[in-house]
Every structure is written in structure tokens, then in C-alpha cells.
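Okay, so here's the structure we're looking at.
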Amino acid sequence: MSVDHPTFDVEHHMTVRLRSGRPCIDFVHTGADYSMDFEAFTTAADVELWLPAIVGIRTPLIARAGDVPKVIALRTAIRACVVAVVDGKPPSAAAVVAVNTAASQPTIVPRLIIGGVSATEPASVTQVLSALARDAIDLLSSPYAERIRECASEHCGLFFVDTSRPNQRRWCSMELCGNRAKVRDFRDRKRGE
């Protein structure tokens, strides 16, 4: 499936890819090189569509073409840190510097409005990237860093944080990859009989 396929449903694809439970991990899942069948960030409009969905804000985001390389660079750095942690290695100095630099920028500021509903002022790309970098720092410096896993499905490759009590989760989603694996195992057993 490619991005310009007439039946491509970006809303569905966003739902499928944004299911790790952590914005920084969902952010990692947005690249063609990172288990996705297309690059999510090719234009400023893509940045305006994907970043608010990843971070979970309902505020206007104005992006420029020059923001696309910044978005991809931070995603690459966060992914390098996540992969290093999953592999039991320290992240590269360059990746750590990139994440820390993004996190040092001003972030999204929540505001309370009349009626008790939380809202935010219009956000900049820099603020959203700062929020993603801070989420990565929070995750990678917490005990949950040891619970970051790659989905056991050979056709997936998404990362997730195992928050289950027994710490034995294998799939990014039981409904998708887990169910497919169980169906495949069942069929294999039936063939064997």
C-alpha cells in the first residue's frame, strides 16, 4: 500500500500505528524505514496532520517545509535511543544530544478555559518536538525503559512498552499481531494433525 493509493485511509493508518501508549514510541513508528509502508513526514501538511495526533493535542499547528527535516532528525535520534535500550546498549552520544537539545526548547503549555476543559494555545513545531523529546527522556530514564519491546510478529516490528503485571507481553497489540499469531499457530496445529 502506498500513500497515493486511491483507497489509502490515513485516519485508519494513524490509528493502527499510534497504539504504543507512549507518544515518543508512536513517533518512532512514522517512518518508511521503521516498519511503516510510507514516510509520514514529506510535507509541512504531513507535519500538521501527524504531530498533533501523536502528541494528543487539539490545537492548530503551523508547519513550514523547513520543519520536515527537524521532525525526521528528532525521530531518528529517538529511534536510535530506543533501539539501543532494547538491545541493552547505551545510546550514541549524537542521539542523546539531539534528544536533549529538542527537550531544552519551550514545550506545549496547557491552559484551563471556562467550563473546566483543558486546552492549549496554538503550538509550534518546536514545542511539539520538545514534548516528544521530553516524553522520550521520561520513558528512557524510567524503570519502564527495561520493558520496551519489539513486537514478536515477524511482519510487524513496532515497539511497545510492556506495562502488564507479569511483564510477558509479546505483541504490540493482542487484537492485531497477537490474534494473527494465535490464528497461525492454530492453523499449523490443525495441519499437523
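The figures that follow rest on heavy atoms only: side chains count, while hydrogens, waters and symmetry mates do not.
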>> Are Arg22 and Tyr144 packed together at the side-chain level, in the sense that at least one heavy-atom pair is separated by less than 4.5 angstrom?
In response: no
Let me check something: any side-chain donor-acceptor pairs from residues 100-107 under 3.5 Å, sequence neighbours excluded? List them with distances.
unit_1 : atom_1 : unit_2 : atom_2 : d
Asn100 : ND2    : Val96  : O      : 3.4
Thr101 : OG1    : Val97  : O      : 2.7
Ser104 : OG     : Thr101 : O      : 2.7
Thr107 : OG1    : Ala131 : N      : 3.4

>> Can you give me the closest heavy-atom contact between His29 and Phe159, atom names plus distance?
In response: NE2-N, 2.8 Å
> What pair of heavy atoms forms the shortest contact from Ala40 to Asp46, and how long is it?
Replying inline: O-CB, 2.9 Å
> So, do Val68 and Thr42 sit near enough that their side-chain heavy atoms are less than 4.5 Å apart?
Replying inline: no
> Step by step, would you call Phe27 with Val55 a side-chain contact (heavy atoms from CB on, under 4.5 Å)?
Replying inline: CA-CA 9 Å; Phe27 184 44; Val55 178; over 6 Å; no
> Roughly how far, to the nearest 0.5 Å, is CG of Leu61 from OG of Ser124?
Replying inline: 7.5 Å
>> Quick check: is Val86 connected to Leu139 through a chain of hydrophobic side chains (ILVMFWY, heavy atoms under 4.5 Å apart)?
In response: yes
> Trp50 versus Asp26: any side-chain heavy-atom pair under 4.5 Å?
Replying inline: no
>> Could you walk me through whether Asn167 and Arg149 satisfy the side-chain contact (heavy atoms from CB on, under 4.5 Å) test, starting with their C-alpha distance in whole Å, then the side-chain angles of each, then the deciding distance to 0.1 Å, before giving a yes or no?
In response: CA-CA 10 Å; Asn167 192 22; Arg149 310 248 195 292; 2.4 Å; yes
> Which pair of heavy atoms, one from Ile62 and one from Glu48, lies closest together, and at what distance?
Replying inline: CA-OE2, 3.6 Å
> So how far is it from Leu74 CG to Ile72 CD1, rounded to the nearest 0.5 Å?
Replying inline: 11.0 Å
>> For Cys81 versus Pro91, what's the shortest heavy-atom pair and its separation?
In response: SG-CB, 3.8 Å
>> Using the side chain to side chain contact (heavy atoms under 4.5 Å, CB included) definition, which of the options Ile54, Val82, Ile78 pairs with Ile25?
In response: Val82
> Is any NZ, NE, NH1 or NH2 atom of the basic residue among Lys70 and Asp67 found under 4.0 Å from an Asp or Glu carboxylate oxygen of the other?
Replying inline: yes
>> If you compare all heavy atoms of Pro69 against all heavy atoms of Gly66, which two are closest, and at what distance to 0.1 Å?
In response: CD-O, 3.4 Å
> Shortest non-hydrogen contact from Ala44 to Arg64?
Replying inline: CB-C, 3.6 Å
> Going from CD on Gln127 to CG on Leu51, what distance comes out if it is rounded to the nearest 0.5 angstrom?
Replying inline: 12.0 Å
>> Measuring from atom CG of Leu132 to atom CD1 of Ile137, what distance do you get when rounded to the nearest 0.5 angstrom?
In response: 11.5 Å
